[in-house]
Amino acid sequence: MIFLDPFFLCIVSILALAILGLPIGLSMIAGSILYLFMSGLDMGIAAEQFLNRMYSNYIILAVPLFILAAEFMNTGSLSDRLLAWCNAVVGRFRGGLAQVNVLQSMVFAGMSGSAIADAAGTGKMIYSLMTRDGKYPASFAAALTASSAVIGPIIPPSIPMVLYALVSDASIGYLFLGGIVPGAIMGVSLAIIVYFKARTNDFPVEDPVPLRELPRITWTSLPALMMPVVLLFCIYSGITTPTEAAAVAAAYALIISIVLYRSISLKSFYRSLVTSSKTTVSIGMLIAGALVLNYVVTVENIPATLSVILTEWNLDPVAFLIFVNVVLLLLGCMLEGTAIILIIVPVLVPSAAALGIDLVHFGVVVVINVMIGLITPPYGMLLFVMQSISRAKLRHIVGDTLPFLGALLVALMLFTFVPDTVLWLPRMFGYQG
Amino acid sequence: MSGLLRIGRWLAARAENILALMLGAMFALFILQIVFRYGLRMQSGWAYELSAVLWVWIVLFGTTFVLRSRDDVRLDIIYSAVSSRTRRIMTVITAVALVALFGLALPAIIDYVLFMKVEKTAYLKFRYDYVYSIFIVFTVVTMARYIWRAGVAVWGKQADDEIEGPAK
Amino acid sequence: QDAPTLRFSAVFSDQDIRAGMMGQFADAVRDIATIEPYYGGTLFRQGTELVALQRGNLEMGNIAPQDISNQIPEWSLLTSAYLFRDAEHLRAFFESEVGEEFKQMAEDQLGIHILGPTYFGARQVGLRIDKEIQTPADMEGVRLRMPGGDAWQFLGSAIGANPTPMDYAEVYTGLQTGAIDGQDNPLPNVQNMKFYEVMDQIVLTSHLIGYDLLVISSDAWNAMSAEDQEAFQAAASEAINWSQAEHIAMEEQLIGEFEAAGLKIYEPDQDAFRAYAQEQYLNSDISASWPEGALEAINAL
Ligand code: NA
Ligand code: NA
């Protein structure tokens, strides 16, 4: 009787509790307790797995530190400087503000660890610039802001890549490097769509910032622009581990804000700590819930079983990657990104490794996949964020997102079939694989 | 009653102070660690160990005493779309399930945490039952909170987005 | 009565020689018990298996002696530098009278029954700098990565180095970029993690004979008939013999491979290292908990 099977009931209860509005982390813990109870196992395992796996994971500590870094960026006006710089560079073209939106995401991508932070932080600012005086339709501005925010976690730093490293043991450093070229390609592909949209819809041009102003604006925003370089330098010169580099990023943003921009007070510093600690707590619970559930998945031998099934299907690596892409995009319509990386991906990693797929390549493809899932209806976290900011109808936002979604999917295909697009840069830095 | 409410607010504000302080301390410890290791060439395993303890405490303390309903990561597609009456029913169902399951596991959870007195952390020699004790607090207070939420959903008058536990 | 299922958890991967050992063992005891292996720390994280065994959430494990010494301070003797000379000496100890005493402590205090030590290679110092190392004095100022925790850090200073904790996964980049001058691991790990690509030399210090303990919970052990226990132990010893021989052969082969890859490999003054290390231990608090006469008994074996 499958209906009395503990694993089946565990999954059903998690889904039911989550849909009925219980926070996802708590749902996973509660469902796992149900499994332990029904299987006659020690229910103290729920505490054991939560505590030991949270306590002894070194790289997981990068998560709160990257959240803190992004918060300091916003509080300390580094984000404003970057926006001003983007406007000075591409504002002069037709659909200029829309291009600024894309460029801003690519640059800000280098700072923030998460897509949600990008959309809700600087994304919100540029969204209001775009829709002021009715320059752009609200749904288009919202769609573009959501789509460009997808790039955030592809270009380092990236919380999703930290989580992937956690479940796959791939090197964070090489994952970060592997995301740079794909992130740039994705930005360009969005810019191309904007270019054509701007011509057909006759989008406005911004008052051009005089070119002679450009060096000065670049100079004042240089410290902000240098942040990703500083971060990557710390990691690759061996000054710090990737986890410590997250702390350096936060310290860098803080110091620049205090010393150069004088834009952070003791009070706003404290507010940043409060805001980022809350974000840390909610993401932390999600991670912990997934780690507890992972025990259940291991006891049930799910990864091995799936690996056997996939072997029987006799998939070659390319077919396997297509299969993974389709599955993750479908899941992305229904699930939240962090949960996918922490629960579904560990099940796929052994199969990928067995097929000889490079785990850095696999990781970058998976993270891009999951991030695109944030803008695929019906469940797209970025779509919801932009809906709550814009108050436009969700179906209008979805409609305007489709061309961008298409462009990102084409890019995803490229990275899937041409591993060199991902692996070229890591190999330049000595990656053997 | 208003006196009780004031004490509650005061406690909530202090809990927020503590949470922010813990994150600040964790950040400072990391910076210290980098300075120690690469600047002074001294070992600082204890700093790393303390930040790992803080990380566990930030998540459990924060979720128990600081996070409000709206800060949580949830699938609110249905939850936010249904009528207030339906939402109250959903709240009661999830609260009953959560309290029942946590209550079922509570003895085993306490047993595990107390058992960990046999081990100590590698550098600072903290007893693990102390380090992990926050999990018992989390389990008990979360149960209390959800009992409260269910009560408010059944008998309460306030808008359901604001249904929150007493410690908030 | 059906054969019981024994859950086994270990940190090593399913590609490891020791996974082969477990496969062989599981086959041999098929009629007595069903072994259910979980590799790569997927069921219980490294260092948490012992508590899982004690709490009945696991029946078998591959436990580090360092984890046992966390709960039984006397056991810290068995984790000290230059205690065992080689795998043979290690095996002889666990079959000796003094070895029985240590096993009995684990049985009485932790409720685990030790089937035998699983050798995985002697720890050797690998350096990215080309300084010649003959005595502990030559190790002065060398930033040697050691596993985290006081006990491991002490081991590093007991061979004269300046120990630095670093996550195992970070060691490759640490060596590449010079954040550390070296690491100490058995040669099979050096190959697994490709450390040799970013090292200049290997100093064959053999400062610690690397081993874990194949254990079964006393509850599961005592549930077996005396006859089954005997067969179980015999199968374990045989599998351990095989794994040990494989590791020793591999170490010899790897020395050749690393030399061919251009690494300088040589043996330092082992006696100088041994004398220095044992003195460090005896002068520290750690040795206060060592059972009277045990060190001498082991040296005499
Ligand atoms: Na954007
Ligand atoms: Na990023």
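A quick note: this is a predicted structure, and the numbers were derived from the prediction, not measured. In what follows, chains carry the letters A, B, and so on, assigned in the order in which the sequence lines appear, proteins first and then strands, with residues in each chain numbered from 1.
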Check whether any side-chain heavy atom of [X] lies under 4.5 Å from a side-chain heavy atom of [Y], and answer yes or no.
X        : Y        : value
B/Ile109 : A/Met43  : no
B/Glu16  : A/Lys278 : yes
B/Tyr146 : A/Leu26  : yes
B/Trp55  : A/Asn57  : no
B/Leu19  : A/Val274 : no
A/Ser276 : B/Leu23  : yes

Greatest number of heavy atom pairs closer than 4.5 Å to chain B - which of [options]:
options                              : value
A/Val63, A/Thr275, A/Thr279, A/Ile60 : A/Ile60
A/Ser13, A/Gly44, A/Gly31, A/Ala46   : A/Gly44
A/Ala47, A/Ser272, A/Gly284          : A/Ala47
A/Val248, A/Asn52, A/Ile287, A/Leu68 : A/Asn52

Quick one: pull up [atom1] in [X] and [atom2] in [Y] and give me the separation to the nearest 0.5 Å.
X        : Y        : atom1 : atom2 : answer
B/Met26  : A/Leu65  : CE    : CG    : 5.0 Å
A/Leu273 : B/Leu21  : CG    : CG    : 8.5 Å
A/Leu51  : B/Tyr112 : CG    : OH    : 6.0 Å
B/Leu104 : A/Leu36  : CG    : CG    : 10.0 Å
B/Leu101 : A/Ser32  : CG    : OG    : 10.0 Å
B/Ile93  : A/Leu22  : CD1   : CG    : 12.0 Å

Which one, B/Val56, B/Val59, B/Asp111, leads in non-hydrogen pairs under 4.5 Å with chain A? B/Val59
Top residue by heavy-atom pair count (under 4.5 Å) with chain A, among B/Val53, B/Ile31, B/Val113? B/Val53
Here the pair of heavy atoms bringing B/Ser51 nearest to A/Leu61 is O-CD2, 4.2 Å
Kindly give the heavy-atom pair with the smallest separation between A/Leu17 and B/Ala97, and that separation in Å. CD2-CB, 3.8 Å
Under 4.5 Å from any heavy atom of chain A, what part of [X] do you find: side chain, backbone, both or neither?
X        : result
B/Phe135 : side chain
B/Phe115 : neither
B/Leu60  : side chain
B/Phe61  : neither

Worked check of side-chain contact (heavy atoms from CB on, under 4.5 Å) between A/Thr243 and B/Phe30: CA-CA 9 Å; A/Thr243 310; B/Phe30 256 89; 3.9 Å; yes
Can you tell me which portion of [X] sits under 4.5 Å from chain B's heavy atoms? Options are side chain, backbone, both or neither.
X        : value
A/Ser27  : neither
A/Phe269 : neither
A/Phe37  : side chain

